[in-house]
Amino acid sequence: MTTQQQDGAWSEPGPQQDWQQRYPPHTEQHQQGYGDQEAYEQQQTYGDQQAYGYQQQPYAGQQQSPQQSSPAQHYYARPRTGDSDVEYYVPEYTVVEPEPEPEPGYVLPDVPVSAWSVDNSRSAWISRGALVLILLVQAGLSFRLDGSAFPQEAKFLMSDGELSGLVSQLGLAGARALSLAWALGATALLFGATRLLFNARAGLAAAAMYSVLESTAFTGRYASLHSLSLFLLAAALWLLARTRQASPAAVLLAAPFAALAPFAAYAAALYLPTLTVLAVLTAYRFRGAGAFGRGALFAAATGALCFAGVQLAGTPSGWNVQSTDSALELLKESAQWGGVVLLVAVIGAVGFIRRARMGEMPWAEGSAPGAIRRSLLGLTMCATALLAPLYQAWLGNGSSLYVHVGFGLLFAVPMAGLGVSRMMGAHFRYPQIGIMIYVAALVIGMAQTRELYRPPDSAAMIGALREVVDTKGEYLTDDPEISAYYLRAHTKADQWHQAERGPALAAAVKKGSYDAIVLRTDSVPEALRGNANYRLLALLRPSDKDGGQEPYRIWVKR
């Protein structure tokens, strides 16, 4: 039996003493733990010294004792649970909750996949602002063109028609400003139609390209009804796109605009079949075979209105006049005036046929238009640009072809806008491509417009004639419309007659029935050289020596 000394006496260890011996109080355990730590540090130091080759020798007089176990190596047996007096040490602790993450100073909003994904309020205002800038550029390109009246402008302002009579009250400047307003309206309607058919990006690209075309800038500064006819065609196109999901009867809203366009400019009659085809293609995706009924209703309404117009106002003149112009030369000039836009339109049509949607709109819902419908739509829009060049080349008549080209491009430009949008890529990945195309179209349009917009420099001629004309004489001139318009306060329109060359001019000079003769020629005609009945009043050279215009020569009767 093991005994131990306690309080100066010998006693046998009881259960309580045995438990306290095996498990000392918390203070002793803490000290033992500290001792264990000190022993561990000494052991580490000794180990390090051994690792570096040090041999620790015992001090003199120090006896080596067998290694004893440290308190940390004591075996702690499980306490007996049979005794109710056994006390367990329960450490005190506090549960600490994790600190919450600090609130961020600024939370970034969710970035949409594309700003052009849907027509929300922000994208709508962006589109409107960009459209205003495009219209300002178009207005600037038209306003840079200036000069006296063209013969066709003077004829329009002097005609007896009700509309032209109303416009003539505004004068030449007022009529040109009205033409610019119609041209700007056509561009705005073109943007709206393209946005409805495709998207806002394509609409802006289409409006930008159309606004810098030669024909667009020319008609915006040309006092005639060409710009009004373009506006009516653009309105019909926009209404066809706007009512594509409505009742088939809603297509009747576009019929009056389409029917009035040929009476403003006869070239618009070429594009009525195109509008009929688009009435079907724009609604086929939503109505299926019922879209053919919509097209038939539009064709019937437009045809009835055109028939009524012919009965009231007669057939528009000039639409079937044949001439001797070279067909190959007319096609070449048409390619120069609209070839860039047509090329981009073909690229857009091919891209539209290959893929209905762009990669930046994968969330778009609903069925995409089929490949056959996309092919027909692209073919119709691109082929429409060839109608006026081919028709006038067949007639051999290049009259106003530089203006009529713009009628066909009005229908091809939406596909060109889609082509520019596709070439720039999703999220404007390659914006430099769109910028290059726009700059190229702008430079070409400015150069061509400056070359074509050269009205006669008639200011000096009108000033000289004002002193010699009255309401009783008869006058022969190369530009009777210009003289009649500018001298309408001094003469009547029927006093001015168209001059001819050759034997007809010689006969008129020999007869001596004209009080004044005004010709644009570099040399004196043989009939007037040394003539005793007429004397040369003035030789007026144009102010623009590089313009290629011939000088005015004025003869008056002796």
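Computed over heavy atoms, backbone and side chain alike; hydrogens, waters and symmetry mates excluded. Everything quoted here is computed from the prediction, not taken from an experiment.
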*Over 12 foreign heavy atoms within 6.0 Å of CZ, Phe257*: no
_Test item: side-chain donor near acceptor, Ser211 and Thr187, under 3.5 Å_ = no
_Ser148 vs Asp457 side-chain heavy atoms within contact, under 4.5 Å_ = no
*Are the aromatic ring centres of Tyr453 and Phe150 under 6.0 angstrom apart?*
yes
*Report, as yes or no, whether the 6.0 Å neighbourhood of atom CZ on Arg242 holds more than 12 heavy atoms from other residues, nucleotides or ligands.*
no
*Go through the steps for Thr491 and Leu465 under the test side-chain contact (heavy atoms from CB on, under 4.5 Å), then give the verdict.*
CA-CA 11 Å; Thr491 62; Leu465 286 178; over 6 Å; no
*Is a side-chain N or O of Arg520 found less than 3.5 angstrom from the main chain of Pro551, in a donor-acceptor match?*
no
*By ring pair (Phe, Tyr, Trp, His ring centres under 6.0 Å), which residues pair with Phe198, not counting sequence neighbours?*
Phe352
*Between Phe156 and His226, ring centroids under 6.0 Å*: no
*Min side-chain heavy-atom separation Phe298-Val280 under 4.5 Å*: no
*Hey, mind stepping through Phe143 and Leu180 against side-chain contact (heavy atoms from CB on, under 4.5 Å) and telling me if it holds?*
CA-CA 9 Å; Phe143 265 115; Leu180 178 59; 3.3 Å; yes
*asked:* When you measure from the side chain of Gln495 to the backbone of Lys492, do you find a donor-acceptor pair of N or O atoms at a distance under 3.5 Å?
replied: yes
_For Gly417, is there any backbone N or O sitting under 3.5 Å from a side-chain donor or acceptor partner on Ser421?_
no
*More than 12 foreign heavy atoms under 6.0 Å from CZ of Arg429: is that the case here?*
no
*Mark yes or no for whether Thr282, through its side chain, and Ala241, through its backbone, hold a donor-acceptor pair below 3.5 Å.*
no
*Within a radius of less than 6.0 Å around CZ of Phe286, do more than 12 heavy atoms belonging to other residues, nucleotides or ligands occur?*
yes
*Can you list the steps and then say if Phe407 with Ser229 is a side-chain contact (heavy atoms from CB on, under 4.5 Å)?*
CA-CA 9 Å; Phe407 284 76; Ser229 182; 3.4 Å; yes
*salt bridge (Lys or Arg N to Asp or Glu O under 4.0 Å) involving Arg294 - partner list, sequence neighbours excluded*: none
*Using a distance-only test with no angle check, is there a side-chain donor-acceptor pair under 3.5 angstrom linking Ser215 and Trp337?*
no
*asked:* Taking Ile482's backbone N and O only, do any of them form a donor-acceptor pair with Asp479's side chain (distance below 3.5 Å, no angle check)?
replied: no
_Test side-chain contact (heavy atoms from CB on, under 4.5 Å) applied to Leu519 and Leu505, step by step_ = CA-CA 11 Å; Leu519 302 178; Leu505 178 62; 4.1 Å; yes
*Consider only side-chain N and O atoms of Tyr391 and Asn397, and report whether a donor and an acceptor are under 3.5 Å apart.*
no
*Is it true that a side-chain atom of Thr302 and a backbone atom of Ala258 form a donor plus acceptor pair closer than 3.5 Å?*
no
*Quick one: does Glu481's side chain have a donor or acceptor within less than 3.5 Å of a partner on Ala154's backbone?*
no
*Using 4.0 Å as the upper bound for N to carboxylate O, is an ion pair formed by Asp478 and Arg501?*
yes
*Please determine, by modelled atom types, if Ser224 and Glu153 share a side-chain donor-acceptor pair under 3.5 angstrom.*
no
